[in-house]
Each structure stands twice: as C-alpha cells, then as structure tokens.
There are 2 protein chains.
Amino acid sequence: MKRYYRIGEVASRTGCSPESIRHYEKLGLLAPPQRGEQGYRFYDQAALERIGFIRHGRSLGLDLHSIQELLALSDTPDTDCTAADDIASRHLEHLEERIAALQALAGELRQVVHQCRGGKAANCQIIQTLYDHQPTCTERGCGEVTA
Amino acid sequence: MKRYYRIGEVASRTGCSPESIRHYEKLGLLAPPQRGEQGYRFYDQAALERIGFIRHGRSLGLDLHSIQELLALSDTPDTDCTAADDIASRHLEHLEERIAALQALAGELRQVVHQCRGGKAANCQIIQTLYDHQPTCTERGCGEVTA
DNA sequence: CCTAAACCCTGTAATCGTTACAGGGTCAAG
DNA sequence: CTTGACCCTGTAACGATTACAGGGTTTAGG
C-alpha cells in the first residue's frame with residue numbers, strides 16, 4: 001500500500017517549493033509523476049527521496065546540472081562512480097577558490113570601512129578608494145566575484 | 001583639449017565590456033554620453049573614471065544598486081557620507097556571512113570527497129550521503145547558498 | 001577604388017535558480 | 001453557496017553579464 005502525496009505535501013515534507021519541484025521536472029531531474037483525474041501530480045516515497053537528494057545537493061551549493069549528473073549515476077548503479085568524486089572534488093575546489101576570493105574582498109573592505117565617520121562625501125575615504133583604481137585585477141572578465 | 005574615446009577604447013582601458021557600459025547607462029549609473037554624427041558614443045576622462053569607480057566597486061562584490069548610491073553621494077560632495085560607510089559595512093557583514101556559509105559547505109564536502117575511489121555507484125558514499133537527508137537546515141528558503 | 005575586418009548601433013534573448021504573478025480549475029468546510 | 005486552500009499552465013521577474021540578430025560605419029590593405 002503505497003502512499004501518494006500531492007505537490008503541496010511534498011513541498012512541506014522536503015522544504016522544496018512546489019514551483020521548484022515543477023521546475024526540476026521540466027529540467028528532467030524528476031520524471032513526470034503520475035497524475036490524478038484532475039491532473040494533479042502524485043508523488044511516491046521514491047520521488048520524495050529524489051527531491052531530498054536534489055535539495056541536499058543544492059544546500060551544498062551544487063548546481064542543478066551537477067546534481068543531474070549525480071542522479072544519473074545513482075540511476076545506473078553498476079557504473080563506475082569516479083565521476084561522482086570528480087564532481088564533488090571540482091565543486092570543493094570551486095568553493096575554496098570562492099572563499100579565498102571573498103576573504104580577499106573582505107580584507108580590502110575592512111581597510112576602508114569606518115574611515116569616514118561623520119565627514120562629507122567630498123573627503124570620504126571609501127569613495128576616494130573606489131576612484132583610485134587599482135582593482136585587484138584589471139583583466140577583462142576578472143574579479144567579478146558573485147557575492 | 002579634451003580627449004574623447006569611443007566605447008571600444010573605453011572598454012579596453014577600463015576592463016569593462018561595451019555591453020556592460022551600455023547597460024550601466026541604461027540603469028542610470030552613467031549619464032548618456034555625447035554622440036558623434038553617426039550616433040557613436042564618445043566618453044571623456046571623467047566618464048572613464050566613473051566607469052573605473054563602478055568596476056572597482058563590482059570587483060569588491062558590491063551590487064550595482066549600492067554602487068549607484070555611492071555614486072550619488074560622490075555627486076553631491078556636501079552630503080554627509082555616513083551612508084557610504086553604512087553600505088560598505090553592510091556589505092562586509094554580508095561577505096563575512098557568505099564566507100562562513102561557504103566554509104561550512106566546504107567542510108561538509110571534504111568529508112565525502114574521495115570516499116568512493118573506483119567503486120560502483122550503488123555503493124558510492126557521496127551519493128549515499130546526498131540521499132541521507134540531514135540537510136544543514138530543512139527550513140523553507142534556508143541553505144540556498146549562492147556558490 | 002574596392003573590399004574585408006573591425007568597429008558601432010538597437011533591441012531581444014539567453015544564462016542560473018527561484019519566486020511571483022495571471023488566469024483558470026477543483027474541492028472541502030462553513 | 002461562498003470562501004479559502006489547494007492545484008494547473010505559462011510567463012515574467014530578479015542581477016549582472018553575455019550573445020545574438022540585423023543593420024550601418026570606419027579603417028586598413030590590396
């Protein structure tokens with residue numbers, strides 16, 4: 001006796017909004033579920049776990065494409081899973097670079113913060129610093145840290 | 001004898017693509033520049049510095065909205081510049097939160113990486129971990145760290 | 001002089017993941 | 001029988017940037 005859940009209940013159980021669930025389906029991360037007579041989606045326990053998988057991956061910062069690759073591996077249990085390790089390692093590397101970049105930014109920012117207590121904009125050290133361009137890197141396409 | 005630059009030269013001097021420059025203009029960060037007879041944009045030195053300002057701000061991770069506020073302050077030199085300090089402090093705080101979140105993620109990821117050397121996907125520790133959902137936070141809208 | 005490359009213009013759509021609509025249907029409790 | 005809580009689809013928004021399409025201009029070389 002399988003239990004079935006409508007999308008709203010899945011949402012509250014997984015912490016994943018109905019919109020996202022439909023979105024994952026559209027992207028092919030989730031197979032189209034069964035539908036009730038009125039067209040309502042019905043999910044079983046396996047689908048719940050798959051959504052949990054996606055959610056956990058997202059909470060680790062993985063992008064949906066990587067998660068899709070991991071799910072594909074999981075769907076073919078006989079495959080060599082080195083690819084999974086590659087994805088995770090690559091992401092970890094990526095995270096570490098991101099962290100280093102953000103720390104550099106924070107350091108640079110700490111040097112200017114609280115430099116202009118109560119002054120006028122004309123003398124503001126923060127604004128001055130921004131005009132003095134020795135940006136960390138002037139190369140095209142460099143330094144746009146998503147933060 | 002003012003020198004004028006076409007958008008492409010501004011781009012190579014500032015490290016900011018022509019598309020971005022036009023984008024900043026559309027958003028109101030840059031005043032519409034003079035135009036030549038064929039409609040080409042022509043920029044003077046002040047515009048170059050303003051773009052450098054924006055670029056430096058972006059390289060620090062500030063969003064365009066904050067940069068616009070800073071530019072507005074800079075444009076009214078008599079204003080009190082506490083607001084600039086607020087923007088910078090707020091952003092620094094934001095960065096530090098981001099860093100902490102990413103470090104938590106990296107830590108979690110380091111625990112699973114290299115756990116499945118050469119195995120089959122069915123036993124892969126990484127995939128298993130993703131199915132075992134104790135996501136850091138199951139609250140709706142929590143844990144979506146942009147990374 | 002002519003042509004090809006390199007530049008400029010505008011406007012629109014893509015990226016990523018999520019959210020927020022609009023406009024409509026279904027169902028249960030009051 | 002109406003209100004509210006669901007569900008459906010499709011589209012647009014967010015932020016910043018890039019990539020087109022479709023057209024015009026300048027510049028350098030042959």
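Values below: all heavy atoms of this structure, side chains included; hydrogens, waters and symmetry mates excluded. Here is the naming used below: chain letters follow the sequence lines, and residue numbers restart at 1 for every chain.
Dashed line: the shortest gap from a side-chain N or O of A:R41 to OP1 or OP2 of D:dC7 is not under 4.0 Å. Note on A:R55: a side-chain N or O is less than 4.0 Å away from OP1 or OP2 of C:dT18. For A:R35 and D:dT9, the shortest distance from a side-chain N or O to OP1 or OP2 is below 4.0 Å.
Protein atom CD of A:Q38 is 16 Å distant from nucleotide atom C1' of D:dT9, rounded to whole Å. Whole-Å rounding puts the B:R22 CZ to D:dA19 C1' distance at 12 Å. The interatomic distance linking B:H23 (NE2) with C:dC8 (C1') rounds to 19 Å, in whole Å. Computed from coordinates, the B:Y24 OH to D:dT18 P distance equals 8 Å when rounded to whole Å. Protein atom CD1 of B:I7 is 16 Å distant from nucleotide atom P of D:dT26, rounded to whole Å. D:dT26 atom P lies 9 Å from atom CZ of B:F42, rounded to whole Å. Look at CD on B:E25: it is 11 Å from P on C:dG11, rounded to the nearest Å. In this structure, the CD atom of B:E19 is 11 Å from the P atom of D:dT17, given to the nearest Å.
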Q.
Does A:S66 form a side-chain hydrogen bond (donor to acceptor under 3.5 Å, both in side chains) with A:D63? I'd like the steps, not just the answer.
A. CA-CA 5 Å; A:S66 300; A:D63 58 28; 2.7 Å; yes

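In this structure, B:Q125 CD and A:C81 SG are separated by 9.5 Å, a value rounded to the nearest 0.5 Å.
Taking the ring centroids of B:Y43 and B:Y5, they lie at or beyond the 6.0 Å cut-off.
For B:L64, taking side-chain heavy atoms from C-beta onward, the closest of the listed nucleotides D:dA16, D:dT9, C:dC9 is D:dA16. In this structure, of C:dT19, C:dT10, D:dG24, it is D:dG24 that holds the atom nearest to the side chain of B:Y40. Nearest to the side-chain atoms of A:D63 among the listed nucleotides C:dG17, C:dC9, D:dC6 stands C:dG17. Of the candidates C:dT18, D:dA16, D:dC8, the closest approach to any side-chain atom of A:S20 belongs to C:dT18. Proximity note for A:R6 (side chain, C-beta onward) versus D:dA16, D:dT9, D:dC7: the nearest is D:dC7.
Within 6.0 Å of atom CD in B:Q34, 12 or fewer heavy atoms from other residues, nucleotides or ligands are found, so the atom counts as exposed in its surroundings.
Side-chain atoms of B:T82 and B:D85 include no donor-acceptor pair closer than 3.5 Å.
Judged by closest nucleotide on DNA chain C, B:G8 is the one of B:G8 and B:K26 placed further toward the 5' end.
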